[in-house]
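Below you'll find the structure, written out as structure tokens, and then a few comments.
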Amino acid sequence: MIVMKFGGSSVADAGRIARVTGIVRGRLARRPLVVVSALRGVTDDLLALAREALDGNLSRLDPLAERHRRTAGELGVDAKPLEPLFEELRALARGIALLQELTPRTLDRAASFGERLSARLIAAAFCKAGMPARAVDAFAAGLVTDDRFGGAAPLPEADEELRRAFAAIRELPVVTGYVGRTRAGEITTLGRNGSDYSATILGAALSAEEIEIWSDTDGIMTADPRLVPAARPLEVLSFAEACELAYYGGKVLHPHTLVPAMRKDIPVRVLNTFKPEHPGTRILAHPAKSAGGGILKSIAFKRHQLIVSASSPRMISGPGFLARIFAAFARHEIDVDMVATSEVSVSATTGSERHVERLAAELAPEFAVDVERGQAVICAVGDGIQSRPGVAADVFAAVGAAGVNVRMISQGASKNNVAFVVDDDAVEAAVRALHERFFPHAGPELQRP
Ligand code: ASP
Ligand code: MG
């Protein structure tokens, strides 16, 4: 069997759902399990609805229901099976308004309606097209997670439970992405864009031959095409490269997506719903050397990062400073991305504004602490970067020639990337300069200047 996951833009409206129906029909012989996102924009809407409900404002409810009813109408399927979900959502929103309280748990429950609605619509569309299908809520089919609402991770027992549940389903399953449930049965979400992750969790549990992620680009690109018009799709990437890209802000995949696929060594393919004949990007454990082209594969970036620096002259002689600093990061649940140290100071980047001030206050008695906002991490990825001399020099020469000031550098922790920090405003210039240097227009195999 294979897993086919369709993102929000692939299922934005009836026309696109019809397109998806055609793509799935072409793969029936491979026994697909389909994973779907909410219709485009619906998750944002649901989260806004939940927040506005705190002020007693429920004005998003009707338009949201209407959009799904209209889509059902355009697909020629019955909207009645959706009505209980609209009712449940209304009750939830009223509850929020009444209690004047919105917990992460309630927010996840609200967000779950997008995928629950889209799975039902899409399964109905498949049935109408003569492909017997069944909508499956992942939380009812054993996708058990921890209870970190808003960013839950699957628990080991999920594999077995999912296998058992899907063994009993004869029709083509259309499964909700993004959502799971705790052991106690509360609905969780895997974090924004989490449907990719759902797809690989399911693929690994059910030992899929391949996992297809259908999106709206021709695969993974050499850079974000909105910044770099000359960016082009990559034929193949290793798991390690793709992980690094997802982690450093490559928009195509959720950062945890590849972990389950790597565990079971299942190839992942990123494809374009609007150009189904395009081969997209294959992600494999060990792509053949010749397939990948040059030394750099892609350039990713994350904006709106913070640099937290802590320094103390006493660090020169005293042991344990780093441990104390990072223990404080851990206590405040602040994810650290990049770290640079000197004799007397440590700088770390993070994407989370939350708790940073508390962290700074905690460190302040012992260290001089500085928090800088408006930073961006840029990451150039390619297996073997470290074994090729001169790559880092070329990277920084290109960035320097573009007049961009580099704040922090990290190379070495991971074998396949060079990462550095610049001002948010400089991202465009830096990424363009790097792309021009490493991906000249000469042709797909010629990437070195
Ligand atoms: N619908 C969810 C979101 O918008 C999950 C996904 O699309 O992957 O974040
Ligand atoms: Mg996505």
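What you see below is based on every heavy atom in this structure, not just the backbone, and it leaves out hydrogens, waters and symmetry mates. Each ligand, and each atom within it, is numbered from 1 in the order the structure gives.
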Check whether any side-chain heavy atom of Thr176 sits under 4.5 Å from a side-chain heavy atom of Val36, and report yes or no.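 Thr176 does not reach Val36 side chain to side chain.
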
Identify, by atom number and element, the atoms of ligand 1 in contact range of [X], meaning under 4.0 Å from any of its heavy atoms.
X: Arg192; value: 3 (C), 4 (O), 9 (O)
X: Thr43; value: 1 (N), 2 (C), 3 (C), 4 (O)
X: Tyr178; value: 2 (C), 5 (C)
X: Ser195; value: 5 (C), 6 (C), 7 (O), 8 (O)
X: Glu115; value: 1 (N), 2 (C), 5 (C)
X: Ser37; value: 6 (C), 7 (O), 8 (O)

Is it the case that over 12 heavy atoms from other parts of the model lie below 6.0 angstrom from the CZ atom of Arg67?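 Counting neighbours around CZ of Arg67, more than 12 heavy atoms of other residues, nucleotides or ligands fall under 6.0 Å, so yes.
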
Given 3.5 Å as the limit, does a donor-acceptor pair link the side chain of Thr281 with the main chain of Val270, or not?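 Looks like no, no N/O pair under 3.5 Å.
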
Quick check against the 3.5 Å criterion: does Arg120 have a side-chain atom that pairs as donor or acceptor with the backbone of Ala79?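 Side chain of Arg120 to backbone of Ala79: no pair is present.
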
Parallel, tilted or perpendicular, judged at 30° and 60°: which one describes the rings of His254 and Tyr197?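 His254 and Tyr197: parallel rings.
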
Can you tell me how far the CD atom of Glu353 sits from the NE2 atom of His304, to the nearest 0.5 Å?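 Taking CD in Glu353 and NE2 in His304, the distance rounds to 11.5 Å.
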
Does ligand 1 have any atom sitting under 4.0 Å from a heavy atom of His254?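 Heavy atoms of His254 never come under 4.0 Å of ligand 1.
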
Sub-4.0 Å heavy-atom approach of Gly114 to ligand 1: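 It does not; every heavy atom stays at 4.0 Å or beyond.
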
